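Here the structure comes first, spelled out in structure tokens, and everything after it is commentary.
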2 protein chains.
Amino acid sequence: MSTSEVERARAPWRRDAQKRHDRLIEAARREFAARGVDASLERIAREAGVAIGTLYRHFPTRLDLLVAAFEPRLQEFLEGAEKAMEMDDPWEGFVYYMENLFRAQAGDRGFNDFLSRRFPSSPETERIHDQVCHQIEAVLTRAQEAGKARPDIAMADIVNLIWSNGRMIDATSVTAPNAWRRHLYLMLDAYRAERAHPIPEAPMTDEQLYDAMVQLNKVD
Amino acid sequence: MSTSEVERARAPWRRDAQKRHDRLIEAARREFAARGVDASLERIAREAGVAIGTLYRHFPTRLDLLVAAFEPRLQEFLEGAEKAMEMDDPWEGFVYYMENLFRAQAGDRGFNDFLSRRFPSSPETERIHDQVCHQIEAVLTRAQEAGKARPDIAMADIVNLIWSNGRMIDATSVTAPNAWRRHLYLMLDAYRAERAHPIPEAPMTDEQLYDAMVQLNKVD
DNA sequence: GGAATACATGAGGCACCCCTCCGGTTCCAT
DNA sequence: ATGGAACCGGAGGGGTGCCTCATGTATTCC
């Protein structure tokens, strides 16, 4: 809906091209959501009732299609994130942020993958990922400065939670679609400042984190 | 080593067959460890310097090869588990069990997958998985009865940790090979009785858990 | 040493997937 | 209404993987 308006404004497209473009995005949304970011492009084209060559004409790379398909879910996520920042209680804000994040992962396998990985070849997705990292940093720091979140954790630990949750969702989305929520609240108990116990390993550095997110693209 | 002795005793094999059998298992160990349980069988055969038909002759299904290849790592894991049961302090035992478990996952991508999934078609692996579930149940219950582990958690929650850790390892094994340990100790803080806050979702049932572990075979 | 048997080989069928390229089609402006 | 630009289709080349089976080879035992 918002997509077609924006896109239509962008260029004076032929009407048939516009129609196929829209159908491709719809099919991509379904397939990515159901099968993750590695979904078959040929299948998406088939699903959209369009030839594979046409898909490549509209979206030269997988990431182009990905970005177009995730737009609405990304907006939804960012709105929730903004709300978290505005909450009075820093801990409540942190909890709200995490629940919003985990829910976004749970709703869409593609978006789940998207949040877990990075795609160095795409400046557009890199920008989005940087933004999310900054959000996490901010919401966590605020909760720490209020004395509610334990001070010995870092952004990398939250990314670890994203990976954890991503896998939980892969396992449970069919069988126990709300299981992620239990896991989240259990994890939150680990992040509270009260009675925290020391951790015998340092958090990952920013480089390690980045490389690890890229690594997930290679893991089958 | 222990494998070849056992196998040699099992049947009066031709010497060349024995040699190829051993080479296949070695190659399988390497490949499963590096690429997970979905590693290419053709590649394993190539790696072993053997034709694909020969692989299938020795191991009619992938699971047959898997079981043969994981034998030593499974033994290692079970020994650690036994030690955990024998520790005096129930909480120490729980921690030791979890660290042993996570370390086993970290050391071998195939074993990592193996612990996260179930394979309904193989009675042999089902037996192993049942055994692990019982161990978890025992070591957790003991820590709970001693008042050290929070009483509102269940075996399913530990399996969630297995999934979480499995994904963390996929992400970090190349980049930050000890990251899983930090995550574990953070998680342990969530399991302590003293820190517990209520959780707004029930644990997964046994059926849900089983189905979820099977589901992971289908997720790409 | 030779026959019988156990074993190994690898081409080949099938099913996916990625991506390109060019002949044919559709649309729109004139 | 028609020419030319924009667009589309889909065959095809290259790759991976699973698994089978007819054919050829090695070993063992007499």
Side-chain angles (χ1 to χ4, degrees), chain A residues 4 7-8 10-28 30-32 34-66 68-69 109-110 113 119 121-122 217-220, chain B residues 4 7-8 10-28 30-32 34-66 68-69 109-110 113 119 121-122 217-220:
Chain A
S4 5
E7 301 292 2
R8 218 188 299 277
R10 201 174 64 186
W13 269 341
R14 256 170 60 168
R15 255 208 325 285
D16 59 338
Q18 178 66 59
K19 193 187 72 190
R20 285 177 172 88
H21 186 91
D22 290 353
R23 290 231 306 261
L24 275 169
I25 288 186
E26 273 172 49
R30 282 197 305 274
E31 287 296 304
F32 285 139
R35 300 168 197 275
V37 302
D38 299 317
S40 156
L41 298 184
E42 289 193 332
R43 195 184 168 109
I44 289 174
R46 212 182 313 141
E47 203 83 357
V50 141
I52 183 65
T54 306
L55 184 152
Y56 277 97
R57 172 172 197 71
H58 283 270
F59 304 99
T61 77
R62 175 182 294 272
L63 284 173
D64 294 326
L65 183 51
L66 219 53
R109 256 194 81 198
D113 289 345
F119 309 95
S121 66
S122 157
N217 296 319
K218 288 162 200 149
V219 173
D220 285 357
Chain B
S4 10
E7 302 291 359
R8 218 189 298 276
R10 201 175 64 188
W13 270 339
R14 254 169 59 171
R15 255 209 326 288
D16 59 339
Q18 178 66 58
K19 191 187 70 189
R20 284 176 172 90
H21 185 91
D22 291 353
R23 290 230 306 261
L24 275 168
I25 288 186
E26 272 171 51
R30 283 197 303 274
E31 287 296 303
F32 285 139
R35 299 168 198 274
V37 302
D38 298 317
S40 155
L41 298 184
E42 289 193 329
R43 195 183 168 109
I44 289 173
R46 212 181 313 140
E47 203 83 357
V50 142
I52 182 66
T54 306
L55 184 152
Y56 278 97
R57 173 173 195 70
H58 283 271
F59 305 98
T61 77
R62 170 180 230 98
L63 283 173
D64 293 327
L65 184 51
L66 219 54
R109 256 194 81 200
D113 288 345
F119 309 95
S121 65
S122 156
N217 296 319
K218 288 162 201 151
V219 173
D220 286 356

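What you see below is based on every heavy atom in this structure, not just the backbone, and it leaves out hydrogens, waters and symmetry mates. Since we're looking at a predicted model, the values are computed, not measured. Chain naming here is simple, since letters A, B, ... match the order of the sequence lines and numbering starts at 1 in each.
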Students often get this wrong, so: under 4.0 angstrom with heavy atoms, is R43(B) touching a base, only sugar-phosphate, or nothing?
nothing
Give the rounded distance in Å between these two atoms: CD1 of I44(B) and P of dT16(D).
16 Å
Rounded to the nearest angstrom, tell me the gap between atom CD in Q18(B) and atom P in dA8(C).
11 Å
Could you run down the sub-3.5 Å N/O contacts of the protein with nucleotides 10-12 of chain C?
none

Measure NZ/K19(B) against C1'/dT25(D) and give the value in whole Å, please.
13 Å
Expressed in angstrom and rounded to an integer, what is the separation of D64(B) atom CG from dC18(D) atom C1'?
16 Å
Side chain proximity check, F32(A) to R62(A), heavy atoms < 4.5 angstrom
yes
Quick one: is dC7(D) close enough that its OP1 or OP2 comes under 4.0 Å of any side-chain N or O from H21(A)?
no
Base, sugar-phosphate, or nothing for R57(B), non-hydrogen atoms under 4.0 angstrom?
base
Tell me: CZ of R62(A) to P of dT20(C), nearest whole Å?
13 Å
Relative to the 5' end of DNA chain D, which residue comes earlier, P60(B) or G49(A), by the nucleotide with the nearest heavy atom?
G49(A)
Can you tell me the distance, in whole Å, between the CG atom of L41(B) and the C1' atom of dT20(D)?
14 Å
Using atom CG of L55(B) as one end and atom P of dT20(D) as the other, report the distance to the nearest whole Å.
12 Å
What pairs of nitrogen or oxygen atoms, one from the protein and one from nucleotides 26-30 of chain D, lie under 3.5 Å apart?
residue: dT28(D); atom: OP1; partner: R15(B); partner atom: N; Å: 3.1

Expected output: side-chain D64(A) to main-chain T61(A) donor-acceptor under 3.5 Å:
yes
Out of dG17(D), dT9(C), dT20(D), minimum distance to the side chain of S40(B) belongs to dG17(D)
Can you check the E47(A) CD to dC16(C) C1' distance for me, whole Å?
16 Å
Could you state the interatomic distance from CZ (R109(A)) to CG (D113(A)), rounded to the nearest 0.5 Å?
6.0 Å
In terms of heavy-atom contacts, S121(B) and L63(B) come closest through OG-CD1, 3.5 Å
Exercise: identify the closest heavy-atom pair between L24(A) and L65(A):
O-CD1, 4.5 Å
Contacts table for residues 42-60 of chain A: side-chain donor-acceptor under 3.5 angstrom, sequence neighbours left out:
residue: R43(A); atom: NE; partner: E31(A); partner atom: OE1; Å: 3.2
residue: H58(A); atom: ND1; partner: H21(A); partner atom: ND1; Å: 3.2

